[in-house]
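See below for the structure under consideration.
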Number of protein chains: 2
Amino acid sequence: MFVRITTDPTRRPNSLRDLGLTSGSNPAVSLSEFSYKKGTEIYGEKEAADYVYQVKTGAVRSYKLLSDGRRQIGAFHLAGDIFGLENGNSHRFTAEAIVDTTVRLIRRQTLELVADSDPVVANNLLTMTTNNLQHAEDHMLLLGRKTSLERVAAFILEMDQRLTGAEVIALPMSRRDIADYLGLTLETVSRALSRLHELSIIDFIGNTQRQIVLSDRRKLATIDLQG
Amino acid sequence: MFVRITTDPTRRPNSLRDLGLTSGSNPAVSLSEFSYKKGTEIYGEKEAADYVYQVKTGAVRSYKLLSDGRRQIGAFHLAGDIFGLENGNSHRFTAEAIVDTTVRLIRRQTLELVADSDPVVANNLLTMTTNNLQHAEDHMLLLGRKTSLERVAAFILEMDQRLTGAEVIALPMSRRDIADYLGLTLETVSRALSRLHELSIIDFIGNTQRQIVLSDRRKLATIDLQG
DNA sequence: GCCGTGCATTGAACGCTCTCATAATTCGGT
DNA sequence: ACCGAATTATGAGAGCGTTCAATGCACGGC
């Protein structure tokens, strides 16, 4: 019934397999797939959290809204990322596909049952939650204390690190999404990116403005002050 | 060797006993006490996380610093609160006593050993981490998208909820601490509090400005927009 | 090919919050 | 009780980011 995979504890779990589950070795654990068109909602804030998701292809934004429409994006989920993992019964963010997106999903109940009997799986759940917590803590510092240029620099560095392997940073999200992630307006984000371009730190390639080449990673790092 | 306490899963764990540990029933699990004078450091960011703490009396601030001194307080820890619980090996915040403070502490290793063999304890650790995550997520919305008046209103409501039972909200922290928690300057916090006083929403009592009476909780709640 | 739509850039002016400065009050130590 | 240090309040002015507005460009439908 339950799958027990002894994962390497030194590696950060970043796939459902890493959580200690796999569909390949056990048909009882279902790993379904589902696709969402660009802009469509995957789940809403306060909805029942019945599934845990992993991005197979595409990108997802998780956000909260104030009643007057102000939006704060808490995280972007890229290929390989797990999202929607809750401890309570309901989702604390709304999740939307930024572009056409395919996700793998697993029943949350399944995961919990496994975690109850397998300390390794339970510990992986804790590690994932801790990773999310750490990201949120770093983001609080950014939102509370960094300037607009520092925020945008930090954003590019984060994306550069996460969209690893690629020479160019192909951003799936709009300027507005970036702004709502960084606590700015889209105009301010655009101006900061233009500024970084003037400073010969980044370049734009192709017809679109969403493909960025990081020409000077070191200079960008000095702009985004670290602790 | 290990203590197994079956806690009530419906109650939010908010003491070390709730985590599944107690010194009373088992002398092998040591729950020591330690006192810190006002303003002293309990642990520093990146220091080894060897202990988990619970505030017995007093108050604690957890913060991150940028290299130029800008500070972001991530959380205040009041009587009963557990803090310093890490999954990784080092602390991600610096923790300081805001006033003279006494803490209970427990070796982190002890907790982990228990958690490995006791799913209830392990789940309590996950629940605590999730509570911290939820707080950080809400705070990201505040820092990214709320106005100064909304932030201060949210702060008073949070303190009112946490310093429950008291008719007056006796704040242990300075205006500067509040500012660094809310991503503002102390002057802006002071002005917002004066504004709330003008609006007959809060009153100050006694000689100090740190004792606040919440005269109109409902009006304050309308100022702090909710999702 | 043409046009409508969405996205991004850029400019100009505004305003919220910050910075700087001063004063009043409280707190802590002797 | 006294006095220096710390805290808070408040005003004036500046600045960073927002708001409002116009333009350019890419893409998709007909």
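In what follows, chains carry the letters A, B, and so on, assigned in the order in which the sequence lines appear, proteins first and then strands, with residues in each chain numbered from 1.
Look at CE on A:M173: it is 14 Å from P on C:dC7, rounded to the nearest Å. Taking atom CD1 of residue A:I178 and atom P of nucleotide C:dA8, one finds them 8 Å apart after rounding to whole Å. Rounded to whole Å, the distance from CD1 on B:I98 to P on D:dA6 is 18 Å. Residue A:I212 contributes atom CD1, which lies 14 Å from atom C1' of C:dC7 at whole-angstrom precision. Whole-Å rounding puts the A:E187 CD to C:dA8 P distance at 12 Å. For the pair B:H197 NE2 and D:dT10 P, the computed distance is 9 Å after rounding to whole Å. In this structure, A:R175 atom CZ and D:dA26 atom P are separated by 14 Å, rounded to whole Å. Between A:R195 atom CZ and C:dG11 atom P there is a gap of 14 Å when expressed in whole angstrom units.
Considering only side-chain N and O atoms, A:S190 lies nowhere under 4.0 angstrom from the phosphate OP1 or OP2 of C:dA8. Dashed line: the shortest gap from a side-chain N or O of B:Q209 to OP1 or OP2 of D:dA9 is under 4.0 Å.
The base of D:dG11 is paired with the side chain of B:R191 by a donor and an acceptor separated by under 3.5 Å.
Nucleic acid contact for A:T208: none, since no nucleic acid atom lies under 4.0 Å from a heavy atom of the residue. Using a 4.0 Å heavy-atom cutoff across all strands shown, B:R210 reaches sugar-phosphate atoms only and no base atom. Using a 4.0 Å heavy-atom distance criterion, A:T188 is classed as a base contact. Here B:G183 lies in heavy-atom contact (under 4.0 Å) with sugar-phosphate atoms only. A:S174 comes within 4.0 angstrom of the backbone, heavy atoms only, and of no base. Residue B:L193 is classed as having no contact, given no heavy-atom separation below 4.0 Å to the nucleic acid.
Taking 4.5 Å as the limit, every side-chain heavy atom of A:M140 sits out of range of all side-chain heavy atoms of B:H135. By the 4.5 Å heavy-atom criterion applied to side chains, B:D216 and B:L220 are not counted as neighbours.
Under the rule for a salt bridge (charged side-chain N to carboxylate O under 4.0 Å, His left out), the partners of B:K56 that lie at least two apart in sequence or sit in another chain are B:E33.
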Next on the checklist: Does A:L66 form a side chain to side chain contact (heavy atoms under 4.5 Å, CB included) with B:K146? I'd like the steps, not just the answer.
Outcome noted: CA-CA 9 Å; A:L66 291 178; B:K146 290 187 179 177; 3.9 Å; yes

Next on the checklist: Could you walk me through whether A:Y53 and A:Y43 satisfy the ring pair (Phe, Tyr, Trp, His ring centres under 6.0 Å) test, starting with their C-alpha distance in whole Å, then the side-chain angles of each, then the deciding distance to 0.1 Å, before giving a yes or no?
Outcome noted: CA-CA 10 Å; A:Y53 303 80; A:Y43 54 76; 5.5 Å; yes

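Put simply, the side chain of B:R175 never gets that close to the backbone of B:E187: no donor and acceptor are under 3.5 Å apart.
The residue among B:L149 and B:K38 whose nearest nucleotide of DNA chain C is located toward the 5' end is B:L149. A residue-by-residue look at B:R176 and A:L186 shows that B:R176 has its nearest nucleotide of DNA chain D further toward the 5' end.
Checking D:dT18, D:dG17, C:dT17 against every side-chain atom of B:L184, the shortest atom distance belongs to C:dT17. If you check D:dT10, C:dC18, C:dA8 against the side chain of B:S194, the one that comes closest is D:dT10.
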